[in-house]
Engineer: 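The structure that follows is given in the form of structure tokens.
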Protein chains: 2
Amino acid sequence: MDKPQPEHLKSAGLKSTVPRLNILNLFKSGQERHMSAEDVYKHLLASGDDVGLATVYRVLTQFEQAKLLVRHNFEGGKSVFELNQGKHHDHIVCLQCGHVEEFYDAAIESRQKKVASERGFAVHDHSLHIYADCVRKNCPHKR
Amino acid sequence: MDKPQPEHLKSAGLKSTVPRLNILNLFKSGQERHMSAEDVYKHLLASGDDVGLATVYRVLTQFEQAKLLVRHNFEGGKSVFELNQGKHHDHIVCLQCGHVEEFYDAAIESRQKKVASERGFAVHDHSLHIYADCVRKNCPHKR
DNA sequence: ATGCGAATAATAATAGTTCTCATTTGCAAT
DNA sequence: ATTGCAAATGAGAACTATTATTATTCGCAT
Ligand SMILES: [Mn+2]
Ligand SMILES: [Mn+2]
Ligand SMILES: [Zn+2]
Ligand SMILES: [Zn+2]
């Protein structure tokens with residue numbers, strides 16, 4: 001279902017290589033939406049696709065620059081990536097289980113623009129991370 | 001002006017030591033409001049206070065736990081600390097000069113609570129970082 | 001099929017931070 | 001003031017995430 005074709009990379013100015021196709025394919029597979037370099041590396045090895053960790057880091061950065069992926073810097077020190085699906089959103093991260101929930105709030109977005117422009121800043125982007133606990137018992141996601 | 005006294009540390013459950021007093025003093029001096037461990041280390045060395053870098057890291061973390069300082073994880077990989085002055089605020093970071101501007105917007109804050117509670121999360125805290133350019137030429141702060 | 005610049009993978013290197021442990025220090029009880 | 005000891009420090013090793021180096025391999029236009 002929707003396996004990445006060489007054209008997807010070509011149109012981003014990147015030549016079609018095995019590691020690039022595998023990484024893009026992993027994100028498109030939808031198994032896990034938010035993944036670190038280490039996560040990607042392990043998934044690829046697990047599925048028999050041999051790849052170097054340095055290549056994973058390089059490709060993730062290239063994909064970020066090509067706007068195929070978006071990078072997030074949550075607490076915990078490591079960058080996390082997700083498919084760029086065009087629509088910006090922010091995140092709630094569960095401190096118990098690590099589950100990441102997405103949301104978009106138009107009021108928050110427009111207030112941010114207002115705050116920044118009132119102070120003479122031209123906004124490039126922003127990150128809004130809410131750290132919380134799943135209230136429900138049986139927090140359904142693993143740490 | 002307002003040099004930290006041993007009592008300030010004692011009441012936080014920390015015994016009064018030279019490195020701790022020096023670090024707290026540096027933040028209270030107000031020279032620089034947001035500082036990384038490295039920043040603190042260099043400031044202390046520059047003012048003739050010999051200290052170990054590991055001690056700086058340890059004390060900053062202790063001060064964070066004691067709620068004397070607040071930690072921020074801006075883009076760029078290193079933690080930045082500031083005096084905890086009781087009132088929460090968020091940050092605009094200038095991508096040109098590194099200047100950090102603080103703001104508080106009640107509408108944004110209350111919407112965050114709403115968004116999280118609607119989804120069944122109990123909020124611990126959040127971080128909102130707006131990355132932007134100072135619009136004015138002569139961006140008045142050094143990188 | 002060939003050639004060449006780009007991409008890869010293994011490894012070393014770097015940056016930020018934490019850990020280990022021998023030594024020193026704060027401070028409470030003499 | 002002196003002592004005793006748990007807590008704190010500082011030097012360096014160790015660790016984690018990431019980037020740089022470079023010899024080899026690969027994609028792809030010719
Ligand atoms: Mn997301
Ligand atoms: Mn601040
Ligand atoms: Zn947003
Ligand atoms: Zn806020």
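These numbers come from a predicted model, not from an experiment. The basis for the numbers below is simple: all heavy atoms, side chains too, and nothing from hydrogens, waters or symmetry mates.
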Engineer: For DNA chain C, whose closest nucleotide is more 5', that of A:Val18 or that of B:Gly76?
Structural biologist: A:Val18
Engineer: When we call it a touch if two heavy atoms are under 4.0 Å apart, what does B:Lys78 touch: a base, just sugar-phosphate, or nothing?
Structural biologist: sugar-phosphate
Engineer: Return the 5'-most residue of the pair B:Lys15, B:Ala54 with respect to DNA chain D, ranking by each residue's nearest nucleotide.
Structural biologist: B:Lys15
Engineer: Determine the contact category for B:Thr17: base if any of its heavy atoms lies under 4.0 Å from a base atom, sugar-phosphate if only primed atoms, P, OP1 or OP2 are that close, otherwise nothing.
Structural biologist: sugar-phosphate
Engineer: Is it the case that the ring center of B:Tyr104 lies less than 6.0 angstrom away from the ring center of B:His89?
Structural biologist: no
Engineer: What is the distance from CG of B:Leu60 to C1' of C:dT17, rounded to the nearest Å?
Structural biologist: 11 Å
Engineer: So A:Ser79, base contact, sugar-phosphate only, or nothing? Heavy-atom distance under 4.0 Å.
Structural biologist: sugar-phosphate
Engineer: Rounded to the Å, how far apart are B:Arg58 CZ and D:dG10 P?
Structural biologist: 8 Å
Engineer: Are B:Lys113 and B:Glu109 close enough for a salt bridge, meaning some N to O gap below 4.0 Å?
Structural biologist: no
Engineer: Taking A:Arg33 first and then A:Glu102, would you say they form a salt bridge - that is, a charged N and a carboxylate O separated by under 4.0 Å?
Structural biologist: yes
Engineer: Tell me: OH of B:Tyr57 to P of D:dG10, nearest whole Å?
Structural biologist: 15 Å
Engineer: In this structure, how many angstroms lie between the P atom of C:dT18 and the CD atom of B:Gln65, rounded?
Structural biologist: 10 Å
Engineer: Ring centroids only, cut at 6.0 angstrom: are A:Tyr131 and B:His124 within range, meaning strictly under it?
Structural biologist: no
